[in-house]
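Notes follow the structure.
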Amino acid sequence: MKDLTGQISTLESLNKDLIKASKLLRLISETSNVAYLCYSYEDNTIDTIANWDYFFDCKVETHEDLPKLYEYVEVKYVLPLKDALFVEKRGMKSATADFKMKDSRMWVEIETNVIYDEEGRPQDKIIRFTDVTKFNMQNDESNYITYCDPLTGLYNRNYFINLLVQFVCRSDYKDKTVSVMFLDLDDFRKLGDDIGIYGSDEYIKLFGQFLSGLSNENVLVSHFNADIFCIGIYDPCGERSVETIYNKISERLKEPFVLSDGKKVSLTLTVGVAEYPIAASDTLELINCAEIVMFRAKAGNKGSIKYFEKSILDDFLQNVTIENKLKEAVFSQNFMMYFQPQYKTSDNKLRGVEALIRWKDKSDKIIRPDVFIPIAEKNGAIVPIGSWVIEESIRIYAGWRKKYDYPMLVSLNVSAIQYKQKDFIDNLMSILNKYCISPDEIELEITETILIDDFKEITAKLKELRDIGIKISMDDFGTGYSSLSYLKGLPVDTLKIDKSFIDTVTTDENSRIITETIVYMVKKLGLESIAEGVETKEQYDFLKSIECDNIQGFYFGKPMPPEKIEKLIEESIAG
Ligand code: C2E
Ligand code: CA
Ligand code: CA
């Protein structure tokens with residue numbers, strides 16, 4: 001009996017200790033910044049323990065309840081959270097993620113561990129939630145910079161790629177597609193010239209904020225740099241999501257963004273779209289592909305969207321081949337110069353010739369200059385090619401000058417990179433001296449795009465050239481940005497009206513009016529006009545009637561080898 005009483009009192013005191021210990025344990029766990037979620041696959045039940053209420057005020061009782069937690073998380077962290085919560089779907093044992101709670105400063109780290117049986121079936125899953133705000137606050141800035149672009153708050157390129165990899169994995173597993181939209185704002189550099197770097201930054205910020213409103217757990221939005229954005233879409237229903245998103249963006253861009261100084265800015269956007277797994281076999285390739293498609297869209301129609309087609313990739317690869325061939329060809333003399341005559345409308349005599357390069361590759365295939373010149377401009381080969389064009393054209397012209405007393409103009413196409421060469425003017429002058437040609441027999445053609453790159457530097461060079469006596473001609477006028485009033489301040493003597501106007505000048509009222517206005521204004525500004533791409537008598541008659549000064553085009557002569565030009569010179573001399 002005594003024994004029993006003793007045992008009971010020992011048990012009572014043990015029980016007291018136990019209650020005290022468990023109270024203490026509960027107190028500790030309930031006041032700590034940790035919570036656990038334990039899931040049993042066997043009976044699909046969930047226990048939440050420790051300080052659950054600290055994080056969530058919802059009940060989670062079965063596996064199907066887990067998505068309730070997304071509601072508590074900032075939208076951009078939903079995807080990493082989801083991947084960590086459902087780690088067993090990818091056959092993994094553990095996963096971690098950091099996320100930020102919605103409308104709060106709290107950062108939470110979660111760690112998920114899955115226990116599998118011998119046959120690889122998941123048995124139990126434990127998820128630990130820890131408040132890491134204090135720690136993360138210290139690293140807040142560096143964290144932010146690791147994941148986000150500071151200007152727009154959107155994902156940066158690296159983190160975007162990371163998340164896109166997860167989309168791609170998920171689509172492999174579920175047999176779905178992932179689309180990438182590569183977005184590039186049109187004429188953004190020009191905007192920088194107009195409103196300065198702060199203004200254009202503000203525009204990017206506003207546009208980025210608008211785009212961030214399109215993000216959700218299936219749509220990732222990222223700012224790569226400058227005017228380039230990228231959107232990744234986990235797309236269970238094919239291209240339609242791309243279309244919907246594109247329509248939303250286009251709709252928004254119809255209205256200008258208003259900057260803090262009240263300026264209204266409207267830009268257009270060009271978009272390239274590629275889809276995994278049709279266009280590419282991995283994430284980086286997918287982004288590259290969308291970028292290539294975007295470039296193609298830009299070359300055709302700015303402000304448009306283009307979807308991946310195999311031919312676009314083939315063309316691109318062909319260009320890469322051309323680039324390689326170009327490297328071999330630069331010094332192997334496969335180039336030759338052709339010349340296209342330009343005639344004065346006043347007396348139908350030769351005004352001059354435009355020098356146009358021709359390139360036959362090793363297999364005698366002609367590669368068009370508008371295909372290889374842009375590639376040569378990109379890889380720098382344009383510098384030696386351009387020098388060759390200048391010397392060869394002047395050499396040939398000097399031959400004509402020796403033979404005939406008929407001074408004309410030789411128009412040379414010169415790229416921006418050539419102008420930027422320090423010794424460009426010195427080299428040109430020494431060639432002129434070598435062949436005894438006067439600077440006023442040379443005309444350099446520039447395009448408007450040349451001025452966008454480095455307006456001040458290039459206009460300074462152009463002024464210098466003009467002071468020497470060399471003429472400057474604005475090529476492809478009407479296809480770029482320049483307005484006639486803007487021409488007034490530029491060191492330009494001649495203006496070439498682009499072929500696209502001439503093509504429709506006899507059929508389209510607008511082209512007719514624009515051309516007439518340009519010719520009239522050019523005269524008022526004291527410049528000379530040339531119509532390019534004149535192919536028919538009707539076009540010629542019209543241009544003569546509005547007193548366009550000069551004509552160039554197939555109607556009078558295609559680009560031809562130098563010997564043929566000699567015949568034309570003889571005709572002009574004969575009158
Ligand atoms: P561009 O400077 O606008 O040259 C005019 C182009 O229009 C030439 O094409 C010419 O053959 C073509 N053309 C002239 N009249 C007519 C016509 O009546 N109808 C049609 N359909 N076309 C006409 P090409 O020779 O193929 O040159 C294309 C472009 O390549 C040039 O455009 C120019 O931007 C560039 N390029 C050519 N040679 C050189 C060069 O030596 N250096 C540089 N930097 N670029 C060059
Ligand atoms: Ca030209
Ligand atoms: Ca042209």
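The first residue in the sequence is number 1, and the count goes up from there. Both ligands and their constituent atoms are indexed starting at 1 by order of listing.
- Within the 4.0 Å cut-off (strictly below), a protein heavy atom is located near atom 5 (C) of ligand 1.
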Derivation of the salt bridge (Lys or Arg N to Asp or Glu O under 4.0 Å) call for E571 and K567
CA-CA 6 Å; E571 278 170 21; K567 265 208 155 154; over 6 Å; no
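- More than 12 heavy-atom neighbours from other residues, nucleotides or ligands sit within 6.0 angstrom of CG on D261.
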Test side-chain hydrogen bond (donor to acceptor under 3.5 Å, both in side chains) on Y397 and E441 and set out the steps.
CA-CA 10 Å; Y397 177 65; E441 288 164 65; 2.6 Å; yes
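- Looking only at side-chain heavy atoms (C-beta outward), I569 and M408 come within less than 4.5 Å of each other.
- Listed by number with element, the atoms of ligand 1 under 4.0 Å from a non-hydrogen atom of E535 are 17 (C), 18 (O), 19 (N), 20 (C), 21 (N).
- The backbone N or O of C548 sits less than 3.5 Å from a side-chain atom of T345, completing a donor-acceptor pair.
- When heavy-atom distances to ligand 1 are checked against a 4.0 Å cut-off, D476 comes that close only through its side chain, counted from C-beta outward.
- Using a 4.0 Å cut-off between heavy atoms, E377 makes no contact with ligand 1 at all.
- Annotation for Y520: atom OH does not count as buried by contact number, only 12 or fewer foreign heavy atoms lying within 6.0 Å.
- More than 12 heavy atoms of other residues, nucleotides or ligands lie within 6.0 Å of NZ in K544, so this atom counts as buried by the packing criterion.
- In D475, the N, O or S atom that comes nearest to the Ca ion (ligand 2) is OD2.
- In this structure, atom 9 (O) of ligand 1 is not in close contact with the protein, since no protein heavy atom lies within 4.0 Å of it.
- Between F229 and F207, the ring center distance clears the sub-6.0 Å criterion.
- Taking a 4.0 Å cut-off on heavy atoms, K496 fails to register as neighbouring ligand 1.
- Here the protein heavy atom with the shortest distance to atom 22 (N) of ligand 1 is F554 CZ, 3.3 Å.
- Summary: OE1 is the N/O/S atom of E445 found nearest to the Ca ion (ligand 2).
- Distance check for D476 against the Ca ion (ligand 2): none of its N/O/S atoms falls below 3.0 Å.
- The main-chain N or O of G303 is found under 3.5 Å from a side-chain atom of D186 such that the two form a donor-acceptor pair.
- The proximity of E392 to ligand 1, defined as any non-hydrogen pair under 4.0 Å, does not occur for either the backbone or the side chain.
- Here the heavy atom of the protein found nearest to atom 31 (C) of ligand 1 is L356 CD2, 4.3 Å.
- Atom 20 (C) of ligand 1 has as its closest protein heavy atom K499 CE, 3.1 Å.
- Counting heavy atoms of neighbouring residues, nucleotides and ligands inside a 6.0 Å radius, atom NZ of K205 does not exceed 12 of them.
- Among all protein heavy atoms, the one lying closest to atom 15 (N) of ligand 1 is Q340 NE2, 3.0 Å.
- Side-chain rings of F224 and F160 approach one another, their centers coming within less than 6.0 Å.
- At least one N or O atom of S415 sits closer than 3.5 Å to an N or O atom of ligand 1.
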Determine, stepwise, if the pair E391 / N427 fulfils side-chain hydrogen bond (donor to acceptor under 3.5 Å, both in side chains).
CA-CA 9 Å; E391 170 136 21; N427 287 346; over 6 Å; no
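- Remark: minimum distance from atom 24 (P) of ligand 1 to any protein heavy atom is reached at P369 CG, 3.7 Å.
- For the residues D475, V389, I366, the heavy atom positioned nearest atom 1 (P) of ligand 1 is part of D475.
- Distance check on atom 12 (C) of ligand 1: every protein heavy atom falls at or beyond the 4.0 Å cut-off.
- For S473, every N, O or S atom stays at 3.0 Å or more from the Ca ion (ligand 2).
- At a 4.0 Å heavy-atom cut-off, ligand 1 does not touch R368 at all.
- Below 4.0 Å from some heavy atom of G553 lie the following atoms of ligand 1, by number and element: 15 (N), 18 (O).
- For ligand 1 and P559, the ligand atoms under 4.0 Å from any heavy atom of the residue are 11 (O).
- Scanning all protein heavy atoms for the shortest distance to atom 34 (O) of ligand 1 gives N413 OD1, 4.6 Å.
- The Ca ion (ligand 2) sits nearest to atom OE2 when only the N, O or S atoms of E354 are considered.
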Let me see the working for W359 and I385 under side-chain contact (heavy atoms from CB on, under 4.5 Å), right down to the final yes or no.
CA-CA 11 Å; W359 176 29; I385 294 175; over 6 Å; no
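- Nearest heavy-atom pair, P341 versus V353, reported as atom, atom and distance to 0.1 Å: CA-CG1, 4.2 Å.
- What sits closest to atom 29 (C) of ligand 1 on the protein, heavy atoms only, is D370 CB, 4.2 Å.
- Annotation for ligand 1: atoms under 4.0 Å from non-hydrogen atoms of E532 are 3 (O), 5 (C).
- Using the six-membered ring where Trp is involved, F556 and Y540 have ring planes that are perpendicular, over 60° apart on the 30 and 60° scheme.
- Backbone or side-chain N, O or S atoms of E532 reach the Ca ion (ligand 3) at under 3.0 Å.
- For the pair Q552 and ligand 1, no heavy-atom separation below 4.0 Å is found.
- Using a 4.0 angstrom heavy-atom cutoff, E354 counts as in contact with ligand 1.
- Distances between N or O atoms of I357 and those of ligand 1 include at least one value under 3.5 Å.
- At under 3.5 Å, not a single nitrogen or oxygen of Y555, backbone or side chain, sits near a nitrogen or oxygen of ligand 1.
- Taking a 4.0 Å cut-off on heavy atoms, K558 fails to register as neighbouring ligand 1.
- Across R351, K471, K344, K496, a single residue satisfies side-chain hydrogen bond (donor to acceptor under 3.5 Å, both in side chains) together with E528, and that is R351.
- For atom 26 (O) of ligand 1, a protein heavy-atom neighbour is found at a distance under 4.0 Å.
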Please test L356 against Q340 for side-chain contact (heavy atoms from CB on, under 4.5 Å), starting from the C-alpha separation and ending with a verdict.
CA-CA 7 Å; L356 294 160; Q340 187 175 27; 4.1 Å; yes
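- A donor-acceptor pair is defined here as one N or O able to donate and one able to accept, closer than 3.5 Å; such a pair exists between the side chain of D149 and the backbone of T152.
- For the pair L444 and L428, the minimum side-chain heavy-atom distance is below 4.5 Å.
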